[in-house]
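Below you'll find the structure, written out as structure tokens, and then a few comments.
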Amino acid sequence: MHGGRVHRARRRRSWPRLTGDELGPTTVWITGDQCTPRNSALRGLDASRTVVLMIESLADARRLPYHKRKLVLIFAAMRGFADDLRSAGWTVDYYEERDNDEAPLAEHVARYGPRRIRTMMQSEYGVDTRLRALADVHGCEFETTEHANFISTAAEFERLFARGQKRVTMETFYRKMRVKTGILMDGAVPAGGAWNFDAENRRPPKPGMHFPPEPRVPLGNHARDAIALVEKHFASHPGEIGNFDIPVTRAGALAYADDFFRSRLADFGPYEDAMLAGEARLYHSRLSAAINVGLLHPLELCERAEGAYRAGAVPLASAEGFVRQLIGWREFVWQSYWRTMPEYRTRNALGADLPLPAFYVDGETDMACQRDAHRTIRELGWAHHIVRLMVLGNFALLAGVEPQTMTDWFWYMFVDGYDWVMVPNVIGMTLHADGGLIGTKPYAASANYIDKMSDYCGGCRYDRKKATGDAACPYNALYWDFIARNERRFASNPRMALVVRNWASRDAAVKTAIRERAATLRETLRAGGRF
Ligand SMILES: Cc1cc2nc3c(=O)[nH]c(=O)nc-3n(C[C@H](O)[C@H](O)[C@H](O)COP(=O)(O)OP(=O)(O)OC[C@H]3O[C@@H](n4cnc5c(N)ncnc54)[C@H](O)[C@@H]3O)c2cc1C
Ligand code: SF4
């Protein structure tokens, strides 16, 4: 959660450095996505002279209409983590269910008189700015330690740009991370002799696929209390809490991960891009929410994946596919975010300006792929990567939905959503609003791709083969209209040139009909209508 959109320059105030007793007790402020046993802000501190501060701020949770499940996860994880810290001998000053964080902070300062507030690096730009300002109000020195839930450093990332490059591909960065961590490496060469098994990992779903049952996640007291809290204060927020099944403790998250490695990882690789109506998860780990809150560390998960491969339990393509997501994509978007914020969040290279389509609010649409995606999100606060990218994101890209609106929507509707991960994934990867910094080409696709990778189209009222007429799949006209609108820009992109030529070679009357259909669809969306 945590709001605060774009903030200007990071203010670094220097205070005279105090030492020893002059400092008074140190306050370590732990925020909702820092529930990691590796929290670096606690490192090297004397528990007898340290107080951990944790605040549940309702105002913070109201900044955007966050999915109810996400709020339950954060409040429950915070309470459980506070228990763990107390058991480990730390003093925890915990403020439950408070209107905001200003008043509890003032109470805390009055009670403990800290001169220094230390926090692990915040994952979100806006929260970092805000905490600095709050420390300032109380005249406290503000100190941050490195983020413990990532394995790359800003310096490593920066070195890749050293020769004046404007952009660095994820693949280049990923290979560096493989070498750095030694994950799936045989000495200096990648296991199996290749860095990338993507070509083996694009299988469509097949009839009669079998999926293991969901592991049972027992509800502890903290999850039960957090559900009651969310029902009480956030009843109007989107999402369902029934059958809450997100692990909120480290033990629960480890058990959920065990189940993934045992029963899903082997098939993760080949079917990672496949989509099926009514089957949200397929072989995905569904661990992102637990990782982003700090309950699991990406490296421990990569080591488990490698261990499963070395033991002969899973194919290399599956282990590599999973590792690539974690030490490749996750680290890459993290570093990209901090290298480019706050300006990056405002980018809109394609000039997209449509409002959020009405069915992104209530899920009411005749498009079978969209309907299934919104139902899944309502129920779980989660959908797998290809549903996010190629159903929800692709539609927004083709229709031209305004990037900041779309980023906020993804941020508040997903249990794993945070500014640091949404901004590069939505502004960059999905909407190409950064002009090609994160991805070399837009992930734009017609119904053809969705039909190939899913079983949605067979049960849809729209015809996946048609681009014009009322029965035609909306993705098709919007796809070609998107190419037409951006023809000049994409003509010089080697990865888009072929499709631009394809469009240019079409019959003029066909082009006109497609563009008219797209204009009608876009006008309907602009007017708050649906189809
Ligand atoms: C539009 C859009 C929005 C997204 N928003 C988020 C978000 O808010 N939070 C989030 O954690 N991921 C986000 N992702 C990335 C990815 O879709 C999710 O991490 C993944 O679907 C979570 O499900 P999983 O745990 O089963 O992942 P798996 O498919 O099992 O992958 C394993 C892990 O790799 C990491 N990962 C994979 N891809 C990415 C990526 N592109 N960026 C960052 N981490 C990645 C996640 O930690 C994930 O748990 C987004 C992707 C898109 C296209
Ligand atoms: S026909 Fe079009 S709208 Fe319907 S499911 Fe297929 S891609 Fe989605």
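Here the structure is a predicted model, which means the values were calculated and not measured.
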>> Could you check whether Y449 and Y443 have their ring centres less than 6.0 Å apart?
In response: no
> Can you name the nearest heavy-atom pair linking R69 to G381, along with the distance?
Replying inline: CD-N, 4.4 Å
> Yes or no on side-chain contact (heavy atoms from CB on, under 4.5 Å) for T376 and V387, after CA distance, side-chain angles and deciding distance?
Replying inline: CA-CA 10 Å; T376 302; V387 175; over 6 Å; no
>> A side-chain contact here means heavy atoms from C-beta on lying under 4.5 Å apart; do E272 and H284 qualify?
In response: yes
>> Quiz question: by atom type and distance under 3.5 Å, do the side chains of Q370 and T365 form a donor-acceptor pair?
In response: no
>> Using every non-hydrogen atom in the two residues, find where G436 and R167 come nearest and quote the distance to one decimal.
In response: O-NE, 2.8 Å
> Is D93 reaching over with its side chain to a backbone N or O of V51, donor-acceptor style, under 3.5 angstrom?
Replying inline: no
>> Does T405 form a side-chain contact (heavy atoms from CB on, under 4.5 Å) with Y360? I'd like the steps, not just the answer.
In response: CA-CA 11 Å; T405 305; Y360 279 65; over 6 Å; no
> Would a distance-only check, ignoring hydrogens and angles, find a side-chain to backbone donor-acceptor pair under 3.5 Å from N493 to T440?
Replying inline: yes
> Should R250 and E300 count as an ion pair when the cut-off is N to O under 4.0 Å?
Replying inline: yes
>> With a 4.5 Å cut-off on side-chain heavy atoms, are R178 and L184 touching?
In response: yes
>> Taking atom NZ as the centre, does K452 end up with more than 12 heavy-atom neighbours from other residues, nucleotides or ligands that are less than 6.0 angstrom away?
In response: no
> Is the backbone N or O of A59 less than 3.5 Å from a side-chain atom of N100, with the two atoms forming a donor-acceptor pair by type?
Replying inline: no
>> Within the supplied structure, the quantity of interest is the number of heavy atoms (other residues, nucleotides, ligands) at a distance under 6.0 Å from K180 NZ; does it exceed 12?
In response: yes
> Are any of the side-chain heavy atoms of I427 and Q404 separated by less than 4.5 Å?
Replying inline: yes
> Can E97 and H233 be said to form a side-chain contact (heavy atoms from CB on, under 4.5 Å), step by step?
Replying inline: CA-CA 9 Å; E97 224 174 312; H233 293 288; 2.7 Å; yes
> Any side-chain heavy atom of E146 within less than 4.5 Å of one from R43?
Replying inline: yes
> Checking K511 against W480: charged group under 6.0 Å from the ring centre and within 45 degrees of the axis?
Replying inline: no
>> A side-chain contact here means heavy atoms from C-beta on lying under 4.5 Å apart; do R345 and D419 qualify?
In response: yes
> Which heavy atom of L380 sits nearest a heavy atom of V415, and at what distance?
Replying inline: O-CG1, 3.8 Å
> Any side-chain heavy atom of N201 within less than 4.5 Å of one from D273?
Replying inline: no
> Using 4.0 Å as the upper bound for N to carboxylate O, is an ion pair formed by E102 and R130?
Replying inline: yes
> To the nearest 0.5 Å, how far apart are SG in C35 and CG in L73?
Replying inline: 8.5 Å
>> Ignoring hydrogens and geometry beyond distance, is a side-chain donor-acceptor pair present between E56 and Y94 at under 3.5 Å?
In response: yes
>> Please determine whether the number of non-hydrogen atoms from other residues, nucleotides or ligands lying under 6.0 Å from atom CG of N448 exceeds 12.
In response: no
> Donor-acceptor pair, N425 side chain versus V421 backbone, under 3.5 Å?
Replying inline: yes
>> Within this structure, what is the CE-CZ distance for the pair M367 and R530, rounded to the nearest 0.5 Å?
In response: 10.0 Å
>> Measuring centre to centre across the rings, with the benzene-like ring taken for any Trp, is Y412 within less than 6.0 Å of H67?
In response: no
> Roughly how far, to the nearest 0.5 Å, is CG of N149 from OG of S123?
Replying inline: 10.0 Å
>> I want to check something: taking the side chain as every heavy atom from C-beta on, are W329 and H385 in contact at a cut-off of under 4.5 Å?
In response: no
>> Angle between ring planes, F395 versus F531, binned at 30° and 60°: parallel, tilted or perpendicular?
In response: tilted
> Counting distance only, does the side-chain N/O of E124 pair as donor-acceptor with the main-chain N or O of V127 below 3.5 Å?
Replying inline: no
> For W409, which of L392, L64, V361, V426 qualifies under side chain to side chain contact (heavy atoms under 4.5 Å, CB included)?
Replying inline: L392
> With a distance cut-off below 6.0 Å to the six-membered ring centre and an angular limit of 45° from the axis, does K70 pair with Y418 as a cation-pi contact?
Replying inline: yes
>> Going by ring pair (Phe, Tyr, Trp, His ring centres under 6.0 Å), name the residues that satisfy it together with H237, two or more places apart in sequence or in a different chain.
In response: F234
> Does N502 use its side chain to pair, donor to acceptor, with the backbone of L498 at less than 3.5 Å?
Replying inline: no
>> Checking the side chain of D434 only, and the main-chain atoms of R347 only, is there a donor and an acceptor separated by less than 3.5 Å?
In response: no
> Where does the angle between the aromatic ring planes of W411 and Y66 fall among parallel (under 30°), tilted (30 to 60°) and perpendicular (over 60°)?
Replying inline: perpendicular
>> Assess the residue pair E171 and R324 against the criterion (salt bridge (Lys or Arg N to Asp or Glu O under 4.0 Å)); give the C-alpha distance rounded to whole Å, side-chain angles, the decisive distance to 0.1 Å, and a yes or no.
In response: CA-CA 9 Å; E171 188 64 32; R324 163 181 296 270; 2.8 Å; yes
> Does the S492 side chain pair with the main chain of R489, one donor and one acceptor, at a distance under 3.5 Å?
Replying inline: yes
> Counting only N and O atoms by type, is there a donor-acceptor contact under 3.5 Å from the side chain of R330 to the main-chain atoms of Q325?
Replying inline: no
> How long is the gap from CH2 on W334 to CZ on F150, to the nearest 0.5 Å?
Replying inline: 4.5 Å
> Are any of the side-chain heavy atoms of M185 and V179 separated by less than 4.5 Å?
Replying inline: yes
>> Within this structure, what is the CG-OG distance for the pair L296 and S285, rounded to the nearest 0.5 Å?
In response: 9.0 Å
>> With no hydrogens and no angle check, just 3.5 Å: does a side-chain donor-acceptor pair link T26 and R118?
In response: no
> Would you call E158-R339 a salt bridge at under 4.0 Å N-O?
Replying inline: yes
> When you look at L229 and R79, which way does the side-chain contact (heavy atoms from CB on, under 4.5 Å) test go after all the steps?
Replying inline: CA-CA 12 Å; L229 183 160; R79 292 179 185 194; 3.2 Å; yes
> So, for N39 and Q34, which heavy atoms are closest and what is the spacing to 0.1 Å?
Replying inline: ND2-O, 3.1 Å
>> When you measure from the side chain of T36 to the backbone of R38, do you find a donor-acceptor pair of N or O atoms at a distance under 3.5 Å?
In response: yes
>> Holding to ring pair (Phe, Tyr, Trp, His ring centres under 6.0 Å), I want the full list of residues that pass it with F410, two or more places apart in sequence or in another chain.
In response: F414
>> Test of understanding: with ring pair (Phe, Tyr, Trp, His ring centres under 6.0 Å), list the residues that count as partners of F161, not counting sequence neighbours.
In response: F157
> Do the rings of Y125 and W338 sit parallel, tilted or perpendicular, given the 30° and 60° boundaries?
Replying inline: tilted
> How close do N476 and S446 get, heavy atom to heavy atom, and via which atoms?
Replying inline: OD1-CB, 3.3 Å
> So, R132 and D136, do they make that salt bridge, N to O below 4.0 Å?
Replying inline: no
>> Using every non-hydrogen atom in the two residues, find where R517 and A477 come nearest and quote the distance to one decimal.
In response: CG-CB, 3.4 Å
>> Quick check for you: to the nearest 0.5 Å, what is the distance between H297 atom NE2 and L295 atom CG?
In response: 12.5 Å
> Thinking salt bridges, do D60 and R98 make one under a 4.0 Å N-O criterion?
Replying inline: no
